[in-house]
Amino acid sequence: QVQLVESGGGLVQPGGALRLSCTASGVTFSTYSMRWYRQAPGKERELVATITSTTGSTNYADSVKGRFTISRDNAKNTVYLQMNSLKIEETAVYLCNALRITFSRSSYWGQGTQVTVSS
């Protein structure tokens with residue numbers, strides 16, 4: 001079965017940094033675009049960053065541009081999110097998503113990893 005497992009969350013102070021990882025199994029990883037979302041209680045789920053399956057093109061939410069970097073290592077079936085200069089309001093569960101729309105549409109989600117930014 002398809003499984004996505006996130007790791008790397010934790011507690012950091014404002015202005016600190018974390019690197020999240022999401023490792024996939026049960027899929028042909030290189031054929032999927034990968035996304036990071038975040039959701040906090042009482043807030044809408046937000047698309048944070050995307051990296052495509054072909055060109056590796058990236059896109060970011062305006063709120064994180066210049067501070068976050070998404071990357072992937074297809075040999076390790078892993079996507080990363082480097083988060084710098086973290087803000088208190090970015091406390092959330094960060095979720096990994098794999099999406100493929102060619103031939104048929106498939107979408108899979110990880111369980112999430114908690115990021116807490118607190119002074």
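In this text, all values refer to a predicted model and were calculated from it rather than measured experimentally. Hydrogens, waters and symmetry mates are skipped; everything else that's a heavy atom, side chains included, is used.
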Report task. Decide side-chain contact (heavy atoms from CB on, under 4.5 Å) for Ser118 and Leu11; before the verdict, give the C-alpha distance in whole Å, the side-chain angles of both, and the deciding distance to 0.1 Å. Result -> CA-CA 7 Å; Ser118 177; Leu11 174 65; 4.0 Å; yes

Using a 3.5 Å cut-off and no angle test, enumerate the donor-acceptor pairs between side-chain atoms of residues 95-103 and protein atoms at least two apart in sequence or in another chain.
unit_1: Asn97; atom_1: ND2; unit_2: Ser107; atom_2: OG; d: 3.0
unit_1: Asn97; atom_1: ND2; unit_2: Tyr108; atom_2: O; d: 2.9

What distance do [X] atom [atom1] and [Y] atom [atom2] have between them, rounded to the nearest 0.5 Å?
X: Asp73; Y: Ser30; atom1: CG; atom2: OG; result: 11.5 Å
X: Thr58; Y: Lys65; atom1: OG1; atom2: NZ; result: 10.0 Å
X: Arg19; Y: Thr69; atom1: CZ; atom2: OG1; result: 11.0 Å
X: Gln13; Y: Thr116; atom1: CD; atom2: OG1; result: 13.0 Å

Linked, directly or transitively: Tyr60 and Tyr94 (ILVMFWY side chains, under 4.5 Å):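 Hydrophobic grouping puts Tyr60 with Tyr94.
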
| query | Under 4.5 Å between side-chain heavy atoms, hopping through other hydrophobics if needed: is there a path connecting Leu4 to Tyr80? | reply |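 Different hydrophobic clusters.
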
Contact between [X] and [Y] at the side-chain level, heavy atoms closer than 4.5 Å - yes or no?
X: Thr113; Y: Val93; result: no
X: Arg67; Y: Lys87; result: yes
X: Val115; Y: Met83; result: yes
X: Tyr32; Y: Asn74; result: no

Just to verify, what does Phe29 make a ring pair (Phe, Tyr, Trp, His ring centres under 6.0 Å) with, not counting sequence neighbours?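 Phe29 satisfies ring pair (Phe, Tyr, Trp, His ring centres under 6.0 Å) with no residue once adjacent residues are dropped.
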
Restricting to non-hydrogen atoms, name the atom on [X] and the atom on [Y] that form the minimum distance, rounded to 0.1 Å.
X: Pro14; Y: Ser119; answer: CD-N, 3.7 Å
X: Val2; Y: Gly26; answer: CG2-O, 3.5 Å
X: Ile70; Y: Met34; answer: CD1-O, 3.9 Å
X: Gln39; Y: Glu44; answer: NE2-C, 4.4 Å
X: Glu6; Y: Gly112; answer: OE1-N, 2.9 Å
X: Gln114; Y: Thr91; answer: NE2-CG2, 3.9 Å

Would you give me the side-chain donor-acceptor pairs under 3.5 Å for residues 46-57, sequence neighbours excluded?
unit_1: Glu46; atom_1: OE1; unit_2: Arg38; atom_2: NE; d: 2.8
unit_1: Glu46; atom_1: OE1; unit_2: Arg38; atom_2: NH2; d: 3.1
unit_1: Glu46; atom_1: OE2; unit_2: Ser63; atom_2: OG; d: 3.3
unit_1: Thr52; atom_1: OG1; unit_2: Thr55; atom_2: OG1; d: 3.3
unit_1: Thr52; atom_1: OG1; unit_2: Gly56; atom_2: N; d: 3.0
unit_1: Thr52; atom_1: OG1; unit_2: Ser57; atom_2: N; d: 3.1
unit_1: Thr55; atom_1: OG1; unit_2: Ser57; atom_2: N; d: 3.2
unit_1: Thr55; atom_1: OG1; unit_2: Ser57; atom_2: OG; d: 2.7

When the aromatic ring centroids of Tyr37 and Trp109 are compared, is their separation below 6.0 Å?
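That pair passes the under 6.0 Å test.
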
*Starting from the C-alpha separation in whole Å, work towards a yes-or-no answer on side chain to side chain donor-acceptor pair (under 3.5 Å) for Thr78 and Thr23.*
CA-CA 4 Å; Thr78 299; Thr23 299; 3.0 Å; yes

